[in-house]
**Q** 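Next up is a structure, given as structure tokens.
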Amino acid sequence: MKTVISAALAFTLAATALSAFAQSAPARNSLPYKDCIRLDQINEWHVVDPQTVIVRTGPYQRYLVKLKASCDKLGIGNPGVQFVPSEADKASAPLRICGGVGEKVRSKIQPPCAIDSVSLIDQAAFDGYRAKALHHSVRTQQPSKNP
């Protein structure tokens with residue numbers, strides 16, 4: 001009888017501890033697959049500050065990428081910014097960054113920095129961040145014009 005009560009008490013305490021941990025851990029929201037950053041379509045990025053990067057893919061998708069820590073050398077060297085998918089991404093969503101656990105950003109001289117979040121932003125927000133950016137890269141996809 002005592003063993004059953006002790007086991008039940010231990011189970012209750014463990015469940016309470018897990019519940020408290022789950023409530024204190026920040027929720028991780030990643031973008032739906034269709035809205036993820038397509039790494040093969042990045043045509044513009046800007047390092048706004050050591051913890052913020054903005055990215056544009058194609059003509060319409062704009063993203064705000066927040067980092068977990070300060071990455072002071074991000075944007076320096078060539079390549080200035082590289083996105084590193086998580087192992088899970090490589091299996092399920094290759095060439096995409098959605099804001100999930102294990103995704104990173106790095107540069108030639110900056111060790112990988114963990115991505116905290118990825119969100120879609122509008123043109124006005126993108127332009128505002130771009131105006132404050134420390135480092136830039138723009139690859140246009142516009143066709144060349146013949147004279």
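Scope of the values below: all heavy atoms of this structure, side chains included, with no hydrogens, waters or symmetry mates. Residue indices begin at 1 and follow the sequence shown. Just so it is clear, the model here is predicted, and its values are computed rather than measured.
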**Q** Following the transitive rule for hydrophobic clusters with a side-chain heavy-atom cut-off under 4.5 Å over Ile, Leu, Val, Met, Phe, Trp and Tyr, establish whether Leu39 and Val84 coincide in one cluster.
**A** no

**Q** Indicate, with yes or no, if Leu64 and Val48 share a hydrophobic cluster defined by side-chain heavy-atom contacts under 4.5 Å among Ile, Leu, Val, Met, Phe, Trp and Tyr.
**A**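 Per the 4.5 Å side-chain linkage, Val48 and Leu64 are co-clustered.
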
**Q** Could you check Ile115 against Leu67 for side-chain contact (heavy atoms from CB on, under 4.5 Å), going step by step and ending with a plain yes or no?
**A** CA-CA 4 Å; Ile115 293 175; Leu67 307 176; 4.0 Å; yes

**Q** With distance as the sole test, does Tyr63 use its side chain to make a donor-acceptor pair with the main-chain N or O of Cys36 at under 3.5 Å?
**A** yes

**Q** Anything under 3.5 Å between a donor and an acceptor, one on a side chain of residues 91-100, the other on a protein residue two or more places apart or in another chain? List them.
**A**
from: Ser92; atom 1: OG; to: Ala88; atom 2: O; distance (Å): 3.0
from: Arg96; atom 1: NE; to: Tyr33; atom 2: OH; distance (Å): 3.1
from: Arg96; atom 1: NH1; to: Tyr33; atom 2: O; distance (Å): 3.2

**Q** Do Trp45 and His136 make a side-chain contact, defined as non-hydrogen atoms from C-beta onward lying under 4.5 Å apart?
**A** no

**Q** With rounding to the nearest 0.5 Å, note down the distance linking OG in Ser117 to NZ in Lys68.
**A**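 It comes to 10.0 Å.
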
**Q** What's the verdict on side-chain contact (heavy atoms from CB on, under 4.5 Å) for Asp89 and Glu103, showing C-alpha distance, side-chain angles and the deciding distance?
**A** CA-CA 8 Å; Asp89 290 341; Glu103 296 173 338; 2.4 Å; yes

**Q** Does Arg38 reach the main-chain N or O of Asp35 with its side chain, forming a donor-acceptor pair under 3.5 Å?
**A** no

**Q** Just list the side-chain donor-acceptor pairs under 3.5 Å for residues 70-81, sequence neighbours left out, or say none.
**A**
from: Ser70; atom 1: OG; to: Asp72; atom 2: OD1; distance (Å): 2.8

**Q** Arg130: what forms a side chain to side chain contact (heavy atoms under 4.5 Å, CB included) with it, not counting sequence neighbours?
**A** Glu44, His46, Ile54, Gln123, Phe126, Asp127

**Q** Check whether any side-chain heavy atom of Val47 sits under 4.5 Å from a side-chain heavy atom of Ser107, and report yes or no.
**A**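 A side-chain contact is absent here, since even the closest heavy-atom pair is not under 4.5 Å.
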
**Q** How about Lys66: does its NZ atom have over 12 heavy atoms from other parts shown lying under 6.0 Å from it?
**A**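 Yes, enclosed.
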
**Q** Could you tell me whether a side-chain N or O of Gln41 sits under 3.5 Å from a main-chain N or O of Thr57, the two making a donor and an acceptor?
**A** no

**Q** Roughly how far apart are Gln110 CD and Lys104 NZ, rounded to 0.5 Å?
**A**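 NZ of Lys104 is found 13.0 Å from CD of Gln110.
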
**Q** Are Ile42 and Ile37 close enough that some pair of their side-chain heavy atoms sits under 4.5 Å apart?
**A**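 Yes, side chains in contact.
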
**Q** Report the C-alpha separation of Val65 and Thr52 in whole Å, then their side-chain angles, then the decisive distance to 0.1 Å, and conclude whether the side-chain contact (heavy atoms from CB on, under 4.5 Å) test is met.
**A** CA-CA 6 Å; Val65 179; Thr52 310; over 6 Å; no

**Q** State, to 0.1 Å, how close Ile121 and Ala125 come at their nearest heavy-atom pair, and which atoms those are.
**A** CB-CB, 4.1 Å

